[in-house]
Structure formats: C-alpha cells, structure tokens
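Single-structure report; data block below.
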Amino acid sequence: MLSVQVEQRVNLKFLVKLRLTFTEVYAMLKEIYGNECLSHTQVFEWFKLFKEGRETTEDDSRPGQPSPSKTDEHIEKIGIDKECLRQILHESFKMRKVCVKMVPKLLTPEQRESRMNICANILNNIDTDPGLLDTVTLKATRFESMEAVKAKATEVLNQLTEADFQALLSTMKKSYGTM
C-alpha cells in the first residue's frame with residue numbers, strides 16, 4: 001500500500017497530465033486529503049517537477065540521508081572496524097554515547113584541580129603497583145538489587161589480602177583526604 005504522501009504525488013501527477021492548473025490541482029488535493037494534504041510548497045514543487053516531465057513519484061536521495069553502504073545489513077556483512085562504526089553512528093545517525101561516568105563540562109577550577117589530583121594519585125599508585133587493580137574486578141557486572149551490590153562488594157572485600165586492602169585504603173586516603 002502506498003503512503004499518503006506517495007498517493008498524493010501519484011494523483012498530482014495524474015492531474016498535471018490532465019493539464020489542470022496549479023490552483024485547481026491544489027484545491028482538489030486539499031478537498032480530498034484535508035489535513036493530511038501536502039503543504040502548498042510541496043504541491044507546487046511536485047507540480048513543477050511533473051510539468052517538466054518527471055515520471056517517478058519517489059523522493060530523490062538527499063545528502064542528509066544515510067547512503068546505502070551505511071545500512072545495518074551492510075555494516076554486519078563487511079565487518080567494519082569500531083572507529084568507523086562509531087563515526088557512522090555519530091555523524092550519519094546522530095547517535096551519542098551516554099555514560100553514567102560523564103564528567104560535567106563546567107567544573108569550577110577547584111573541582112577540576114581536585115579531580116586531576118585524584119586521577120594523578122590513582123595513576124601513580126597503579127604505576128608503582130601494576131597488579132593493584134587486578135584484585136578487584138566488577139567491570140561489566142549487572143546487579144539486580146542493592147542487596148546484590150552489597151553481597152558482591154562483601155565478597156570482593158573478603159577476597160582481598162590485608163596488604164591489598166591497605167594499599168587501596170592508602171590510595172583512597174591520598175585521593176579523598178583523611179577518612
């Protein structure tokens with residue numbers, strides 16, 4: 001079944017071939033389709049195109065539309081790399097990555113300095129003890145409830161050696177001040 005817009009274009013094309021004037025064509029379309037009628041400008045543009053000999057009633061491809069090579073089907077077939085896929089999603093489909101850990105754009109100078117110091121301390125501790133973070137792994141873990149978070153945190157903390165716990169505590173003290 002044709003969309004209402006394409007149906008109107010087909011009828012418009014027929015009326016143009018009957019050599020009706022634009023005013024007559026627009027009045028007929030408005031009477032038939034009411035609120036769903038194409039706008040005055042759209043009817044005029046299509047009227048002009050059909051009068052000049054256009055045969056197709058389909059839209060022309062526009063620069064803003066994704067090209068056929070960027071469809072989901074094609075992306076899966078060609079095994080596209082992640083950066084290219086990210087650019088396609090970002091630029092062509094206007095999709096944005098949303099992350100819980102986004103840093104606000106407008107930080108006060110004190111907040112910025114504090115965050116930079118915290119990050120520098122953590123990186124410094126990781127540099128001095130590369131295995132420090134190997135003991136705690138919660139990456140890509142989903143929790144059903146707060147109780148599940150508490151249970152997993154307790155489990156991870158119980159697995160830490162006293163030396164690892166002291167190292168983490170020391171890192172937190174340096175980063176956040178005395179506790």
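Quick caveat, the model's predicted, so the values are computed rather than measured.
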Notebook entry, point to check: Is the shortest side-chain N to carboxylate O distance from E58 to R9 below 4.0 Å?
Noted result: no

Quick check for you: to the nearest 0.5 Å, what is the distance between [X] atom [atom1] and [Y] atom [atom2]?
{"X": "L29", "Y": "E7", "atom1": "CG", "atom2": "CD", "answer": "10.0 Å"}
{"X": "R54", "Y": "W46", "atom1": "CZ", "atom2": "CH2", "answer": "4.0 Å"}
{"X": "T56", "Y": "F50", "atom1": "OG1", "atom2": "CZ", "answer": "7.5 Å"}
{"X": "N11", "Y": "M28", "atom1": "CG", "atom2": "CE", "answer": "10.5 Å"}
{"X": "L12", "Y": "F22", "atom1": "CG", "atom2": "CZ", "answer": "8.5 Å"}

Next item on the list: Assess the pair H40 and F47: is the distance between their ring centroids shorter than 6.0 Å?
Entry: no

Next item on the list: Report, as yes or no, whether the 6.0 Å neighbourhood of atom NZ on K30 holds more than 12 heavy atoms from other residues, nucleotides or ligands.
Entry: yes

Next item on the list: Kindly check if the number of other-residue, nucleotide or ligand heavy atoms within 6.0 Å of CD (E31) is above 12?
Entry: no

Note to self: Donor-acceptor pair, distance only, cut-off 3.5 Å: does the side chain of K13 make one with the backbone of E55?
What the structure shows: yes

Checklist line | Under 3.5 Å: donor-acceptor pair, side chain of Q8, backbone of E36 | finding: yes

Margin query: Looking at every heavy atom in both Y26 and L38, which two are closest together, and how far apart are they?
Written below: CE1-O, 3.9 Å

